[in-house]
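Shown next, in structure tokens, is the structure this report addresses.
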Amino acid sequence: MTETMAQTKSDNTGVRKGFVEAGGGLLHYVRCGQGPAVVMLHASPCSAKVMAPIQAAWSGEFTTFAFDLPGFGMSDLPQADDITIELLADVIAEGMDALGISQAALYGRHTGASVCLALALQRPDLVSMMLTDGLPVFATPYSEDRLKKYLKPITPSGDGMHLPWTFFRYRDQHMFWPWDAADIDHRSDADLPDEHFLHRGAVEMLEAAETYVPVYKSAFLYDTLSRIGGVSCPAYYGNRPGDSQFKTIQHYPETADIRVMPRDPAEAELAELELIRKHPAEGAVPDWTSRIGTGGDNRDYIATRHGVVYAIGANLGAEGLPQLLLPDMPGGIDLHKAQIIAASETRPVIAVDPGGVGNSDIDGVATVDRWCEQIDDILKHLGWDRVEVIANGLSGALASEFAERAGDRVDSLLLRSPALLNEEERAGFIANPAPEATPRADGGHLLPVWHHLRDQELWWPWFDTSHEAVRTNPPRISAATLNKRAVAMLKQAHHYRPVWAELISRDVAAQIAALPQPVRIETDPSDIFHIPAARNLTAAAA
């Protein structure tokens, strides 16, 4: 951990997220529960999010730490010429050491199971026991040519068709094994997951598009069977009917303690829990703290009354009036990194994803009321009594509402192209809402988001596709740019339309006119709401 970590503690029993420095980058984790430590490592090509159900099931007895494997989720890929299972295990061990986890039970699925095995061999001092779920075992090693065909790259395309392809690819992984052998001989013996599970996995693949291949590949190249005999801690090798690795039980050495788990996930969680209970880790579990403190640059989470909020802190030890930066919503602060750096050259900046936006989850409906309460909690965490608020696009509505409530705690506002819509324009946007992005089993929710983002660059307003409404600025519609924005939006797909609706219906012009604080408005022709913002500036100058 860095010296700039905030020392304020939080309730440790609920879901808490964080980053720790390991492997030359940041390692992301999700923490939940109370009791002895359990480290959980996921399968490829997803992230720690897949562990959420089992974390909830075990949280009454254990403190679970589900890590994003390096190169997946929000964990950085190590800068190494060759990504191996042994290297991944070293990074996880370094993360455990940095968090102060002196010992833990290990639980891993597929790729994560291989990393657990390597970790138990390389750092037995950290391990009280090991339980694997579908440890990768291959009777015939995969050739380089076969791996290239299996691990196809994900390349953004201008028409957005890589989005449904990725959904299709992840869906087929649960229908056939291997996924690219779509015939009756390779049909999966398992239920197809629901649309929310499939959406999560597809978005995680898109998120790791540039890094998933070397990490996933490492699991195919790791010789698990020859290493099982070297494990010194209690070790159980679980396999479930319906899992792609279930048929590999016959290849295990006789000395391996193989456990056939129930097919039903809830029953399997209980059976696995019984094994974890036999060998609990020793040593105290460290309290959760946020790395967002009083100095330096950090990425982490801040606890609020409505869940943990993803934040980027920049130049936090600097003098001067602090700045709170809000992203264009829906979206996320990861799309504003250049702006954060520029804003922090002379003053401290905290940039946050309000709940239901970007990397911040929220239970239930995301509303301005709840966002204002989150901002209030964030400022209290930082000990900031007065701030300038910088807001982008639709978040101008949130900034003005918070300024009205906060009074002199908000010194001033800087709004970048806020949605200063007149009554007729607001009515048009309300009548033509953002597309419904709630996951569908066929992946049909993905392209509407892509085209919504693209059409906003081409017409004003986006739903008026007449030639009179064509925007004259160069559109930002490269495949790479749109893909980055689309992945940010799709992380909170079910909040996409509601967030738009919550913000677009507000009369921001009237609200900022009534504020006692100074309000500056900036705009650029490339901004989505440039036209109404520029109109407002022209009227103000007249």
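All values below come from the heavy atoms of this structure, side chains included, with hydrogens, waters and symmetry mates left out.
- Contacts classified as salt bridge (charged side-chain N to carboxylate O under 4.0 Å, His left out) and involving residues 472-486 (residues at least two apart or in different chains) are given here: Glu457-Arg476, Glu457-Arg485.
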Which is it for Gln374 and Arg370 under the side chain to side chain donor-acceptor pair (under 3.5 Å) test, yes or no, and what are the steps along the way?
CA-CA 6 Å; Gln374 286 186 322; Arg370 302 179 82 187; over 6 Å; no
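- Closest of all the heavy-atom pairs between Met74 and Tyr301 is SD-OH, 3.4 Å.
- Ring centroid separation for the pair Trp460 and Phe529 comes in under the 6.0 Å cut-off.
- By the side-chain contact (heavy atoms from CB on, under 4.5 Å) test, Ala403 is found to be paired with Val410, Leu413, Leu515, Gln517, residues two or more places apart in sequence or in another chain being considered.
- Screening residues 331-344 for side chain to side chain donor-acceptor pair (under 3.5 Å) gives Tyr310-Asp334, Asp334-Asn359, His336-Gln339, Gln339-Asn392 as the qualifying pairs, with residues at least two apart or on separate chains.
- Every side chain to side chain donor-acceptor pair (under 3.5 Å) that Asp527 has, sequence neighbours left out, goes to Arg416, Ser417.
- Scanning for side chain to side chain donor-acceptor pair (under 3.5 Å) contacts around Ser466 gives Asp464, Glu468, with sequence neighbours left out.
- Annotation: Tyr216 is not in aromatic contact with Phe72 [ring centroid separation under 6.0 Å not met].
- The pair Glu502-Arg497 does not meet the salt-bridge criterion, since no charged nitrogen lies less than 4.0 angstrom from a carboxylate oxygen.
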Side chain to side chain donor-acceptor pair (under 3.5 Å) between Asp363 and His306, intermediate numbers included:
CA-CA 7 Å; Asp363 291 333; His306 300 300; over 6 Å; no
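- Among residue pairs with one or both ends in residues 339-353, those qualifying as salt bridge (charged side-chain N to carboxylate O under 4.0 Å, His left out) are Arg347-Glu388; sequence neighbours excluded.
- For the side chain to side chain donor-acceptor pair (under 3.5 Å) test, no residue two or more places apart in sequence or in another chain qualifies with Asp455.
- Ring to ring, His199 and Tyr170 are not that close: their centroids are 6.0 angstrom or more apart.
- Across all non-hydrogen atoms, the minimal contact from Thr438 to His445 is O-CB, 3.5 Å.
- Ring orientation note: the planes of Phe65 and Tyr29 are tilted relative to one another, at an angle of 30° to 60°.
- By the side chain to side chain donor-acceptor pair (under 3.5 Å) test, Lys380 is found to be paired with Asp376, residues two or more places apart in sequence or in another chain being considered.
- Scanning for side-chain contact (heavy atoms from CB on, under 4.5 Å) contacts around Val213 gives Leu151, with sequence neighbours left out.
- In this structure, Arg426 pairs ionically with Asp507, as a charged nitrogen and a carboxylate oxygen lie closer than 4.0 Å.
- For Glu210, there are no side-chain contact (heavy atoms from CB on, under 4.5 Å) partners at least two apart in sequence or on another chain.
- Not counting sequence neighbours, the partners of Glu401 by the salt bridge (charged side-chain N to carboxylate O under 4.0 Å, His left out) test are Arg405, Arg506.
- A side-chain N or O of Asn483 and one of His162 form a donor-acceptor pair less than 3.5 Å apart.
- Legend: residues meeting ring pair (Phe, Tyr, Trp, His ring centres under 6.0 Å) with His452, ordered by chain and number and at least two apart, are Trp462, Tyr496, Trp500.
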